[in-house]
Amino acid sequence: MLNPAEPTPPRPLWWRLLPLWGVLLLLATTPFSQLPRDLWTDEAFTASYTTYSTVGLVLEDVRKNEETPPLYFLLIWLWSRVAGSGEVALRLPSLIGAMLAVAILVALMQRWRSDAEALVAGAAMALSPLVAHFTVEARVYSLLMLMTVGGIAAFEYVYRHPHNRLALAGYTLMAAILFLTSYFGIAILAAHNLIWIVRVLRHRAHWRQDLLPWVIVQVGIGVLVLPWLPALLYQVEVASATTFARDVSAGWFFMLALSLAAYTESSVTMFSIWLFAFFWSIMIYGLLRSLDRRGDEGLVLRAFGVPLLMMGGVVLLLQASSVRYLMVLTPGIAIATAAGWNALRQRFPHTGAMLAGGLIGVLLLYRLPGIVAPPPIEQAWGKLSARVAQQANPLHDTVIFQPPGELRSFTYYYHGPSLRLLGAQNYDEFYDVQGHDFRTTWNPNELEAIIGANRETRRVWVFFKPFIFQPEPFRLPYRLTGHWKSAGELELFRYEIAPGEINGER
């Protein structure tokens with residue numbers, strides 16, 4: 001044992017560079033081959049925001065088409081001014097966000113716990129299948145993970161220095177940024193409020209000294225997010241028309257929880273279930289040990305346990321059925337995994353290294369197929385859009401999109417004369433104002449009527465991409481003269497319309 005009066009020896013260079021090693025582990029297992037793939041629907045909306053000349057236009061379009069605050073899209077808009085708006089350029093901020101999140105989390109764990117736990121936490125986050133998927137996507141989720149790390153750090157500092165004005169101001173700013181990054185950040189903020197209320201109740205002798213600064217912090221957060229409030233209320237108003245809410249059952253809850261440790265897009269394998277059970281057992285053990293401790297030792301409870309409880313409530317309230325919304329829990333999962341491993345190491349000293357190797361090894365084994373043999377990349381939208389551009393006739397051509405939201409994907413890849421486009425340029429107008437059903441989008445009879453509204457139409461192009469409500473394309477009652485299908489799922493149909501064949505004249 002070291003004498004507490006003696007100076008602590010400096011860390012070896014290896015441990016001081018631990019945040020860097022965490023980042024290198026993330027980069028070594030990042031599916032870089034996926035960066036230049038076609039943008040999917042939501043990413044195409046992200047790309048479309050970069051085309052505007054002013055911040056006001058960006059904010060207006062985000063208000064109409066997203067159920068997300070604007071911070072990420074504003075950052076992407078600024079980024080595109082420097083890096084451009086190609087697929088790789090749009091996805092790089094997500095990778096950078098993930099790198100910063102891993103590095104900062106490792107550094108924080110070195111400060112709060114131990115180097116060994118920092119190593120395990122960094123590896124758990126860097127090798128997470130869920131993190132790997134969203135680090136190569138032009139959407140908000142990596143930034144949400146980074147801001148969650150910042151929110152946890154700011155709250156921990158306030159929790160340990162409850163009367164430090166700088167700490168309170170820093171948390172106020174960080175909490176507002178987290179909220180403006182994703183509404184699902186409210187799970188973290190709700191957890192912090194619950195923890196603080198319990199703190200006030202436990203220290204009743206000076207409850208005013210604890211409660212008043214916290215109330216001021218909440219008011220400050222409200223002031224910072226107030227400018228976005230009208231847009232938020234509008235998004236809530238149109239949400240029922242523009243989104244699909246799945247009934248979140250107990251079975252679906254299991255799938256979401258499974259994906260937190262073993263992200264799978266298509267099937268649940270025995271290995272993924274085993275990986276899920278392995279990690280959740282370690283996290284739960286770390287959480288249970290945290291319940292018996294006080295002060296700084298309650299880190300797992302504050303960073304993982306209470307946020308998990310709050311996120312469950314948010315999922316039930318909003319019927320959030322996608323695992324991507326749970327990225328807000330990823331930092332807490334890494335912390336709980338490291339703390340659980342450390343608790344098991346203390347109880348079984350001779351198995352510590354073996355267990356750490358097992359944690360890292362199973363994640364690598366689960367990720368190995370995607371690293372060694374990543375899915376093939378095909379620029380389907382570019383090829384099929386170019387085919388339309390080669391034959392485009394602005395007077396006689398109409399392009400239809402199934403589902404309608406793919407209109408912005410086409411707009412991103414199409415380079416040709418202006419055509420009549422039938423799709424959802426704005427979700428709020430298409431579904432809320434025009435009254436289309438998000439589940440059915442539109443039907444063949446409706447399409448015929450819309451096509452017939454322009455008597456000059458002689459050729460109809462139909463882009464089709466299978467989705468949950470429409471696995472097969474609508475067949476139009478015109479002469480099919482061309483059909484192209486990519487190696488993926490995107491299809492293009494070409495119909496020819498003879499004079500007098502529309503408006504019921506055929």
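Numbers for residues simply follow the sequence, beginning at 1. Computed over heavy atoms, backbone and side chain alike; hydrogens, waters and symmetry mates excluded.
Between the CG atom in Leu130 and the CD1 atom in Ile333 there is a gap of 7.5 Å [rounded to 0.5 Å]. Note that CG of Leu90 and CG of Leu39 are 6.5 Å apart. Values are rounded to the nearest 0.5 Å. With rounding to the nearest 0.5 Å, the separation of CE in Met283 from CD1 in Ile335 is 12.0 Å. To the nearest 0.5 Å, atoms CG (Leu105) and CE (Met145) are separated by 9.0 Å. Put simply, CG on Leu25 and CG on Leu363 are 9.5 Å apart, with the number rounded to the nearest 0.5 Å. Within the model, atoms CG of Leu75 and CD1 of Ile96 stand 11.5 Å from one another, a figure rounded to the nearest 0.5 Å.
A 4.5 Å side-chain heavy-atom check between Gln402 and Phe474 finds at least one atom pair inside the cut-off. Considering only heavy atoms from C-beta on, Leu26 stays 4.5 Å or farther from Met125 through its side chain. Side chains of Asn393 and His396 form a contact here, defined as non-hydrogen atoms less than 4.5 Å apart. For the pair His133/Tyr141, no side-chain contact is recorded, criterion being any heavy-atom separation below 4.5 Å from C-beta on. Thr148 has its side chain out of reach of Thr181: every pair of non-hydrogen atoms, C-beta onward, lies at least 4.5 Å apart. Residues Tyr183 and Val236 fail the side-chain proximity criterion, which asks for heavy atoms closer than 4.5 Å. Side-chain contact between Tyr412 and Ser48 is absent, with no heavy atoms from C-beta onward closer than 4.5 Å. Side-chain contact between Val399 and Leu422 is absent, with no heavy-atom pair separated by less than 4.5 Å.
Closest non-hydrogen pair, Phe304 versus Gly332, comes out as CB-O, 3.5 Å. The heavy-atom pair separating Val136 from Pro31 by the smallest distance is CG1-O, 3.8 Å. Closest approach of Thr172 and Gly220 over heavy atoms only: CG2-C, 3.7 Å. Here the closest heavy-atom approach between residue Val223 and residue Pro227 is recorded as O-CD, 3.6 Å. When all heavy atoms are compared, the tightest approach of Pro93 to Ile76 is CG-CD1, 3.7 Å. Scanning both residues, Tyr52 and Trp77, for their nearest heavy atoms gives O-NE1, 2.8 Å.
Without hydrogens or angle criteria, Ser80 side chain to Gly84 main chain gives no donor-acceptor distance under 3.5 Å. Remark: side-chain polar atoms of Arg37 are paired, donor with acceptor, to backbone N or O of Gln34 under 3.5 angstrom. Thr330 contributes a side-chain N or O that, together with a main-chain N or O of Met327, makes up a donor-acceptor pair within less than 3.5 Å. When atom types are taken as modelled, the side chain of Ser142 and the backbone of Ser94 share a donor-acceptor pair closer than 3.5 angstrom. Distance alone, capped at 3.5 Å, places no donor-acceptor pair between the Tyr325 side chain and the Val328 backbone. Remark: the backbone N or O of Phe184 is paired with a side-chain donor or acceptor of Ser182 at under 3.5 angstrom.
Salt-bridge formation is not detected for the pair Arg324/Glu137: no Lys NZ or Arg NE/NH1/NH2 atom is positioned less than 4.0 Å from an Asp or Glu carboxylate oxygen. Salt bridge annotation for Asp397-Arg459: present, with a cationic side-chain nitrogen under 4.0 angstrom from a carboxylate oxygen. Residues Arg408 and Asp61 are paired through a salt bridge, judged by an N-O separation under 4.0 Å between the basic side chain and the carboxylate. One finds a salt bridge joining Arg302 and Glu156 here, because a Lys/Arg side-chain nitrogen approaches an Asp/Glu carboxylate oxygen to under 4.0 Å.
Between the side chains of Gln391 and Arg494, at least one donor N or O lies within less than 3.5 Å of an accepting N or O. In the model, Thr46 has a side-chain atom that pairs as donor or acceptor with a side-chain atom of Arg139 under 3.5 Å. A donor atom on one side chain and an acceptor atom on the other are found under 3.5 Å apart for Glu66 and Tyr49. Glu406 and Thr41 share a side-chain donor-acceptor pair at under 3.5 Å.
Checked against the 6.0 Å centroid criterion, the rings of Tyr427 and Phe45 qualify as a close aromatic pair. Residues Phe493 and Phe464 place their aromatic rings such that the two centres sit no closer than 6.0 Å. Between Trp79 and Phe73, a ring centre-to-centre spacing not shorter than 6.0 Å is recorded. Centroid-to-centroid, the aromatic rings of Tyr159 and His192 stay 6.0 Å apart or farther. Aromatic ring centres of Trp381 and Phe463 lie closer together than 6.0 Å.
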* Could you walk me through whether Lys64 and Gln425 pass the side chain to side chain contact (heavy atoms under 4.5 Å, CB included) check? -> CA-CA 10 Å; Lys64 291 180 175 182; Gln425 174 64 27; over 6 Å; no
* Please report the C-alpha distance between Met147 and Met174 in whole Å, then the side-chain angles of each, then the deciding distance to 0.1 Å, and finally whether the side chain to side chain contact (heavy atoms under 4.5 Å, CB included) criterion is met. => CA-CA 8 Å; Met147 295 308 171; Met174 195 65 241; 3.5 Å; yes
* Asked: Can you list the steps and then say if Leu95 with Leu27 is a side chain to side chain contact (heavy atoms under 4.5 Å, CB included)?
  -> CA-CA 9 Å; Leu95 179 58; Leu27 293 176; 4.1 Å; yes
* To do: List the steps and the verdict of side chain to side chain contact (heavy atoms under 4.5 Å, CB included) for Val158 and Leu168.
  => CA-CA 6 Å; Val158 168; Leu168 291 166; 3.9 Å; yes
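Cation-pi contact between Arg479 and Tyr495: absent, since separation from the ring centre below 6.0 Å together with deviation from the ring axis within 45° is not met.
Looking at Phe401, Trp442, Phe438 one by one, the single match for ring pair (Phe, Tyr, Trp, His ring centres under 6.0 Å) with Phe430 turns out to be Trp442.
Open room surrounds CD1 on Ile186; 12 or fewer heavy atoms of other groups in view lie less than 6.0 Å from it.
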